[in-house]
Each structure stands twice: as structure tokens, then as C-alpha cells.
Amino acid sequence: MKQYILKRLLLIVLTLFGLITIIFVISRVAPGDPARLAAGPDATEEMVEVLRKEFGLDKPLIVQYIDYIRGLVTGNLGRSLRTRHLVLDDLIQFFPATFELTVFSLLLAVALGIPLGVLCAVYRDRFLDHSARVFSVSGVALPMFWLALMLQLFLALKFDFLPVGGRLGMLTEAPRSITHLYLIDSVVTGNWSVFKDALRHIMLPAFVLSFPALASIIRVNRAEMLEVLNKDYIVNARAHGISKVRITGHYALKNALIPTTTMIGLRYGWMLGGTILVETVFDWPGTGLYAVQGAVFSDFQPIMGVALLVGLNFMLANLIIDLIYGVLDPRVRYE
Amino acid sequence: MGERNATTEAQPVGALGAWAQWKEEHESLFRDIRLSFYLFSKSPLSVIGMVIVGIFFLITLAGPLIVPFPEDATGAVHMAQKLRYPGSGFWFGTDEMGRDIFTRVILGTRISLRIGLIIVGVAMGIGVPLGITAGFVGGWLNEVIMRITDIFLSIPGLVLALAIIGALGPGITNSMIALSLVWWPGYVRLVQGKTLSLKEESFIEAARSVGASKARIIFFHILPNCTSPIIVKASMDMGMAILAAAGLGFIGVGAQPPSPEWGAMISIARNYLPNWWWYAMFPGLAIFITVLGFNLLGDGLRDILDPQSRGYYRE
Amino acid sequence: MNTESSVLEIRDLKIHFDTFEGRAQVLDGLSLRLGRGDTVGVVGETGCGKSITAKAILGLLPVPPTRIVSGEILFHSQDLLRLSEKETEKIRGNKIAMIFQDPMTYLNPVLSIEKQLVDVILGHAGHAGRPMTRKESLEKAIELLEAVRIPNPRLRIKEYPHEFSGGMRQRVLIAMALAGDPEILIADEPTTALDVTIQAQILRLIGDLVQRFGHSVLLISHDLGVVASVCRRITVMYAGNIVESTTIEKIFEEPSHPYTKGLLRSIPNLSRRKEALVGIKGSIPDFIDPPKGCRFHPRCDYAMDVCRQEKPILNEIDGDHQVACFLFKSSWFHGNPAKYEDNERH
């Protein structure tokens with residue numbers, strides 16, 4: 001088991017290197033002048049040249065690549081043109097917000113999605129199933145940024161039910177930083193008013209971010225439950241008098257969760273990508289917003305840094321998912 | 001059935017006879033088609049999807065002919081009419097330059113269609129041949145191709161697209177390039193897997209044993225069996241590609257104003273919330289309905305063409 | 001065979017199935033009797049409705065698309081078809097237990113053998129009003145595995161189905177069936193999915209268990225040989241009807257129904273050399289548009305006019321030998337069920 005995890009971690013590192021290589025190749029092979037882009041449309045030739053030197057863009061491709069890798073290994077991800085900070089420092093500052101948001105959204109999607117999927121399968125073709133089906137189908141098609149805007153419009157701007165954006169109200173002080181996750185820190189320090197405030201602020205972004213995932217999970221779990229409930233071993237369990245509740249909740253669900261877990265992993269990836277859109281709408285100070293600001297300013301280093309961070313995040317999540325398979329399905333255990 | 005004895009049955013002659021005979025021989029194909037239509041029509045959602053996509057295509061074709069203010073799609077400015085509430089004359093209201101939003105949304109379908117077709121087309125064009133090659137040839141070539149594919153799939157699509165755009169610079173062409181690069185690996189995986197499993201089938205072995213060339217095997221045996229899952233994936237991907245492109249447009253790195261691309265429109269509309277809310281609502285609705293249509297259609301197609309697959313590739 | 005000692009009685013069961021192409025009339029007035037301590041084999045080709053009959057007894061058929069049109073299944077004079085789901089749950093495994101065909105697919109792949117057996121045992125204990133502790137049920141599970149001759153049961157019970165061989169898995173299914181101390185065992189093609197050598201072992205096991213514990217057995221198979229090795233009575237089924245029912249000896253000595261005769265003739269005999277393989281001409285009927293009258297008549301060498309119009313009903317032609325065929329004058333009563341009762345009283 002340990003060997004397996006180590007092997008996977010090594011694979012992750014190699015993949016990240018591969019990713020950097022690919023992006024590097026694309027950026028340098030493509031037409032266009034990165035220095036000019038970064039300098040902006042108003043820059044003079046001298047300014048462009050200065051930037052070119054500063055970012056080593058005048059050196060040959062291979063040298064640039066090696067420099068970047070060397071920098072990466074020592075923890076230097078470059079410097080942001082816009083914030084003037086080291087990208088690494090910026091990432092450390094912004095990551096907790098995104099982590100809190102994505103994990104909260106994932107938990108929301110899973111905690112609601114799996115039971116709803118089961119219920120839809122059990123009460124097939126009833127009202128719940130049909131409404132969930134409509135929701136599921138539209139949930140994936142709905143543009144996250146548009147949903148975010150519409151909800152922001154109606155719930156926050158027009159009717160002031162929930163805050164418009166940010167992680168905390170303007171006058172609220174952040175809790176003492178232990179995990180840098182406001183929800184956890186405020187509970188741990190017993191600061192209930194801050195907790196409430198943080199919860200109110202995370203509601204909308206988390207709901208929007210989890211929306212497509214929730215839709216997919218309900219759908220997949222329902223479909224898998226239906227398929228599993230038709231299997232012979234379920235007939236066998238019924239034939240021996242096992243109660244319907246136990247059959248649904250245990251005999252069938254454990255089997256159905258296996259493909260559902262795959263979907264959860266996939267959807268987590270889309271969630272990570274969705275932070276780009278949702279954080280923008282809600283001014284959520286996370287890595288997604290950081291990357292978007294970088295993109296708008298043609299500031300490449302931050303974008304690269306965020307991409308690597310998200311890639312790492314996603315691959316670690318997939319590793320955890322593969323370990324979960326081992327728990328659910330004994331057939332894959334002794335690979 | 002035994003041989004048909006032409007002398008004992010009265011046969012219609014000539015072309016009619018040939019047609020009748022062809023119909024007879026392809027009886028099972030007709031039955032399959034009838035069954036497919038029956039199954040498709042059984043699912044009202046699939047039919048709705050097909051209708052939506054049909055309307056979408058009609059609008060792209062007829063768009064410029066039916067919109068009230070075609071010049072608003074490009075650079076026209078009518079400051080006197082800016083930010084009008086939806087009403088007579090301007091069904092979706094007007095934007096900050098006084099342009100008719102309805103016109104721009106309708107003409108935006110052409111842009112979305114172009115984006116979708118190019119992204120999916122290029123992705124298929126790269127992914128399918130690579131996938132077949134990897135699966136068919138096997139060995140180290142397969143390893144190399146699949147490892148590269150894995151690298152592309154190791155990072156969520158939107159983030160990879162953003163990184164590529166960061167490297168290339170903003171713009172609609174670059175966003176299409178970026179998204180094509182995001183989508184091709186899905187096809188490689190799909191086709192490689194299918195090719196691998198087909199390779200083991202006995203009919204391939206049979207073909208090879210009678211001396212069929214590799215090319216013949218690929219084009220006559222493997223490719224036709226891949227078309228069903230490819231079609232299903234392509235129709236689902238159309239919707240998702242349009243959605244992703246709109247997302248990039250919303251951030252500001254995709255289509256640029258004054259192009260009536262839906263995402264770009266919403267990005268500007270954001271500044272005019274909450275008072276002029278309709279500006280953001282209608283383009284978003286258009287995205288939603290379009291993507292929904294393609295998703296429903298893709299689902300319906302999957303149910304009849306490829307029921308065993310569960311669509312766990314990059315949606 | 002008198003009605004009083006029958007443990008299970010199926011009366012005139014009609015079951016239809018809704019399919020894409022129409023309504024399949026699968027069971028068309030099936031009647032069957034199982035007496036206490038009887039071992040009855042149900043033989044018929046694939047698709048004749050044997051499995052459906054078995055599943056109907058335990059209420060395991062999904063109700064749309066299945067329609068139970070008419071008939072009764074009496075278990076100690078309780079009609080199983082009229083029971084609620086909860087009441088049926090009490091009977092399943094507890095009073096009537098089923099052993100299924102394919103041990104590969106009938107065991108839950110993600111749960112250990114222990115989990116699956118213990119669940120069943122605890123469930124039965126609960127239904128019988130004598131709840132057990134987990135420890136007690138584990139002990140009972142190990143005992144059951146010993147009874148079905150699985151080596152090292154204490155160790156192997158912790159394992160998962162994919163770690164067992166086909167024969168072992170079938171033994172586990174049998175152990176599961178024994179868990180509730182049922183009165184009736186229904187075995188649906190218990191050896192079809194197994195190798196020939198394992199088949200013999202399993203059949204011997206079933207035979208021994210039946211002798212030891214005295215269950216009444218309904219053994220379903222398409223293989224006459226399988227049935228002959230365990231059962232004392234045999235029932236021949238064709239296209240949703242019972243066509244002949246008698247003892248094992250009589251079926252080989254005096255097969256009466258033309259279908260039975262065809263079946264026996266088609267068994268290749270290795271001792272008689274140079275003999276062409278004989279089959280029964282034609283194929284099984286389309287259930288959606290079944291033949292009028294006797295369902296076998298299109299394939300029957302002896303078909304008469306009446307066979308094409310009326311349906312023959314099972315009737316006694318000899319002590320303990322019933323046939324549904326117009327060749328036997330006693331069946332000549334135009335399919336009127338009232339007359340069936342009449343005949344009984346003589």
C-alpha cells in the first residue's frame with residue numbers, strides 16, 4: 001500500500017513536470033511576443049526590452065525552460081507583474097480561501113447528491129424523481145457564472161438575503177488563524193458571530209460551485225442504483241428476506257457508489273476550474289480570482305503558478321479517490 | 001431462409017424488383033432504425049434536445065435575415081436608446097451602446113456554433129487518429145501517446161485553457177486553440193480504449209487471417225465501430241465547449257467586444273447590475289438553452305447508439 | 001397424491017409479460033403440487049417458463065412488466081400471491097428458500113461471505129421472533145459452511161466472493177438457503193453454470209442435505225440427468241404449461257406425452273453406436289402469438305384436429321401419472337376446469 005502511494009506521488013511530480021513542459025512549448029511555439037503582451041499596449045520599445053531582460057525572455061528556449069524548472073525546485077515560481085509579490089507568497093495567501101470554498105462545495109454536493117440519488121432510484125418516476133431529473137439535466141448546462149450573477153442579483157442585490165461577495169463582512173474581523181479556514185477557525189475559537197458571518201458569505205458561492213456537481217452526482221447515483229437494483233445478487237438478497245431498507249442502503253448503495261465516486265472525482269475537477277468564474281463574480285479572494293486577474297493583465301507567472309497548484313490539487317484528489325475505491329471494492333484491493 | 005426460387009413466385013421486374021430485393025436484404029437494418037426512432041421518441045427529453053438543437057441551427061442559418069437591427073451585432077452605436085427596458089421594438093432591451101440585445105443574442109448563435117464546431121472538430125481531428133494509432137499499434141507508441149494524454153487530463157480543463165491563453169494572449173482565436181487542446185485528449189482515450197477492445201475481437205482476427213491490410217482493418221472494421229461513441233461524445237462536447245468558451249469570454253480572455261459572443265456580453269453586463277438586469281439575463285439564458293439542447297440530444301443519442309457507455313470521460 | 005399433505009400448490013397460474021413487441025403469455029394456466037418431503041424436478045427447455053414459476057413463488061418478479069393475470073400459489077393454504085411485501089419477506093428464505101443458478105452473479109461482490117450469511121441469519125432469527133447476537137449468528141454461519149463442506153470455514157468466511165471458485169460459491173448459496181431452516185428448497189438450475197465434475201459434487205451435496213434435513217425440494221433444470229439424480233418425481237414443462245408429471249421410474253419407462261418422448265429420444269446414448277442425433281422438429285413457440293389449442297401441436301407428430309383448437313389439461317392416466325394430452329381419452333373434456341374437479345372425485 002505504501003509503495004502504491006509513493007509510486008503515485010512520484011507520478012504526480014513527473015506529470016507536473018510534463019505539464020510545465022507542455023505549457024512552455026505552447027507558449028514559446030505560438031506566435032506572439034510574451035514580453036510585449038506583458039508590457040501592455042501602451043509600452044514603448046524600451047519598456048518591452050526591459051521586461052524581456054527581466055523575465056529572461058531574451059535567452060534561448062532551453063535555457064528559459066531549465067531556469068524555470070530550477071526555480072520551481074527551489075520554490076521560486078516567479079514574480080507577479082501586477083502584485084509585485086512572489087507568486088509563491090501570493091499563492092500561499094490566496095489558497096486557503098479557495099480550499100475552503102471547494103471543499104465546502106464538494107461536501108455539499110456529496111452530502112445532498114448521494115441520498116437524493118438513492119431516493120430518486122427508489123421512488124422512480126414519482127414527483128421527486130422527475131423534478132430531480134429536470135434539475136440534473138439543467139444543472140450541468142447552466143453557466144456557473146451566469147447562475148452566480150443571477151443569484152447575486154436576486155438574493156443579494158435586490159433582496160439583501162445574503163451578502164454580495166467577499167468572505168466576511170466589511171466590519172467583521174477574521175478569526176485567529178489556525179487553519180486559515182474561517183469556518184473552522186471561528187468554531188474552534190468559539191467565535192459564533194464570525195462563524196455565522198463566514199457561513200452567510202460562503203453560501204452563495206458554494207451553492208453555485210456545487211450546482212453542476214450536485215446535478216451530476218444525483219444523476220449518476222440514481223442511474224447506478226437503478227442498474228444495481230436489477231442485479232442478480234439483489235434478487236438473491238430479497239429471496240432470503242433481507243429488508244428493502246438494508247438492501248437499498250447497503251447492498252445496493254455500496255456497489256453503486258463505485259462509479260459515483262468516479263463522477264465525484266471528475267466533478268471536483270470541474271469545481272476547481274469553476275473557481276475561476278465563481279470567485280470572480282463574488283470577489284472571493286482565492287487562487288481563481290488571482291489567476292483571472294493575472295490573465296487580464298497578461299501576467300503569466302501567476303497563471304502558471306495557479307495551474308500547477310490546481311493540477312497538484314486535482315491529482316492528489318484523484319489519488320484519494322483511488323484509495324477510496326480500494327475501500328469500496330474488494331476486487332481492486334490487491335493490485 | 002433458403003434460396004428464393006424466382007420461378008415459383010411472381011417477382012416485380014427491373015428497378016422495382018431490385019429495390020424490393022434490397023429492402024428485403026436490409027430488413028434487419030430497417031428494424032434497427034425503426035427501433036432507434038422508437039426508443040428515441042420514448043424519451044421526451046431527447047426529443048426536446050433535438051428540437052432545441054434544430055432551432056439553434058435554423059437561427060444560425062437564418063439569423064441575419066430575421067433580426068430587426070443587424071448592424072447592432074458589430075459596431076453600431078445609438079446612445080439615445082441605451083439601456084432600455086425590454087419592450088416593443090427591443091424585445092430583450094438595449095445595452096450600454098444602445099444596441100438591440102435581441103439582435104445580438106440571435107447573431108451570437110453564429111459565433112457559438114463556429115466556436116463549438118471548431119473546437120470539437122479540431123479535437124476530433126487530432127484525438128481520433130491518435131487514439132486509433134495508439135490502440136492499434138500498441139507498444140511504446142501507445143505508452144507515449146497515452147502518457148501525454150494523461151498529462152493534459154491531469155489538470156481541470158478550464159484552468160488548462162486559462163494557462164494556455166495566458167501563454168498565447170487573449171482573443172477568440174486563441175481561446176478556440178486553447179479549448180481544442182483541452183478537448184482532444186478525451187477523444188484519444190475514448191478511441192484508444194475502443195480500439196484496444198476491438199482488436200481482441202474475433203472478427204478482426206478473421207479479417208487479418210484472410211489477408212486484410214492494416215489500413216483496411218482500420219477503416220472498414222475499427223473506425224465504423226467507433227463512430228457511435230464518437231458521435232455521442234461530440235454532441236455532448238458541443239454544448240460543453242460552447243459553455244467553456246462563454247466562460248472564457250466572461251473573464252475577458254475570449255471573444256472581445258464588440259463581438260456579440262454571449263460570454264463577453266455578460267462580462268460587460270455585469271457592470272450594469274442590478275438596475276439593468278436584463279442585459280445579463282438574456283445572453284445567459286441563450287447559453288443555458290443551447291447547452292441544454294446539446295446535452296439532451298447527446299443523452300438521447302447515447303441511449304440509442306451506445307447504451308453501455310456511461311460517459312465518464314471529459315464531459 | 002392427496003391435497004392435504006401438499007406443502008405447496010400452484011393452481012392455474014397465468015402470468016403475462018409486457019415487451020416492446022407485445023404481451024408475452026408466458027405461463028398459461030400452470031398447475032403444480034409439491035407434497036411434504038417430496039423431491040420434484042421441473043424439466044423443460046430454456047425459455048419454457050421454469051425460472052419465472054420459481055420466482056413467482058417468492059414474489060421476485062418485477063410487477064410491471066410482469067402481470068400476474070390469475071391463479072393461486074398456496075403454501076399451507078395461504079395464497080402467496082395475495083400477501084403483502086412485509087408478509088412475503090417473512091416467508092422468503094425462512095419457509096421457502098431459493099438456490100439460484102449462477103453463483104458468479106448471485107453473490108454481492110463487495111460484501112464478505114460473512115457479512116452476507118450473517119445478515120441472512122440475523123434476519124431470519126428476527127422474523128422468527130428469536131433474535132440472535134452477532135457472535136451466535138457467526139457461529140451458525142460457520143456451521144452452515146461446514147454442512148456444505150467448505151474447508152476451513154472459519155478462515156474462509158472472511159473472504160470475498162471473487163476469492164472463491166465457482167463450486168465453492170454455489171455451496172455458499174446453498175448454505176444461505178439452509179440458513180432459515182426452510183420447509184421448501186427451490187433450486188433453479190443449480191448446476192448449469194458449473195463444470196461437469198463440480199456438478200456431480202453439488203448434486204450429491206444437495207441429495208445428502210435433503211436426506212439429512214428433510215426439506216421438500218423443487219429442482220428446476222433443463223437437464224434430465226441432473227433431475228434424475230436427486231428427485232423422486234419429475235414434472236415436464238413446455239411453453240408455460242406442465243405437460244407430464246410422474247415418478248422418475250415411470251418417466252423413463254412409460255413416457256407418455258409426445259414432448260417427453262421427444263426429450264428422451266434426443267438424449268445421445270453413447271452405448272448405441274452409429275445413431276443419428278434426433279431432435280424435436282420445429283422450435284419453441286412465440287409467447288406473444290402462441291399457437292391456439294395445445295401449444296405443442298405444431299411440433300407434434302400425433303397432432304389431431306382437437307389439439308389445434310382446445311387446450312388439454314393435466315389429468316391422471318395411471319396411478320401417480322398425469323399427462324396433458326388429447327391422446328389420452330381421459331383428457332377429452334374440452335378444457336373445462338369444473339370437469340377437472342369432477343374427475344378428481346372418482
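Just so we're on the same page: letters track the sequence lines, and every chain starts at 1.
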**Asked** Does A:Y233 offer a backbone N or O that forms a donor-acceptor pair with the side chain of C:N108 under 3.5 Å?
**Response** no
**Request:** Please say whether more than 12 non-hydrogen atoms of neighbouring residues, nucleotides or ligands are located less than 6.0 Å from CZ in A:F99.
**Result:** no
**Request:** Against chain A, label C:A177 side chain, backbone, both or neither, depending on which of its atoms sit under 4.5 Å from a heavy atom there.
**Result:** both
**Asked** Between A:I234 and chain C, which part of the residue has a heavy atom less than 4.5 Å away: side chain, backbone, both or neither?
**Response** neither
**Request:** Pick whichever of C:T105, C:L173, C:N94 has the most heavy-atom pairs under 4.5 Å with chain A.
**Result:** C:T105
**Message:** Please check if the number of heavy atoms outside A:Q3 that lie under 6.0 Å from its CD is greater than 12.
**Reply:** no
**Message:** Applying a heavy-atom distance below 4.5 Å, give me the residues of residues 132-145 of chain C that approach chain A, sorted by number.
**Reply:** none
**Item:** Value rounded to 0.5 Å, distance of OG in A:S243 from NE2 in C:H127
**Value:** 7.5 Å
**Request:** Using heavy atoms and a sub-4.5 Å threshold, report which of residues 113-126 of chain A line up against chain C, by residue number.
**Result:** none
**Asked** Can you list the steps and then say if C:M176 with A:N236 is a side chain to side chain contact (heavy atoms under 4.5 Å, CB included)?
**Response** CA-CA 10 Å; C:M176 231 189 250; A:N236 192 34; 3.7 Å; yes
**Prompt:** How about residues 95-103 of chain C versus chain A: which residues have heavy atoms under 4.5 Å apart?
**Reply:** C:M98, C:F100
**Asked** Taking atom NZ of A:K254 as the centre, does the number of heavy atoms from other residues, nucleotides or ligands within less than 6.0 Å exceed 12?
**Response** yes
**Which atom of A:N255 lies closest to which atom of C:P109, heavy atoms considered** = OD1-CG, 3.7 Å
**Contact listing (chain A partner; residues 111-125 of chain C; heavy atom under 4.5 Å)** = C:L111, C:K115, C:Q116, C:D119, C:V120, C:H124
**Item:** Minimum heavy-atom distance between A:R331 and C:V110, given as atom pair plus value
**Value:** NH2-CG1, 4.3 Å
**Complete:** Here the pair of heavy atoms bringing C:L60 nearest to A:R238 is CD2-CB, 3.9 Å
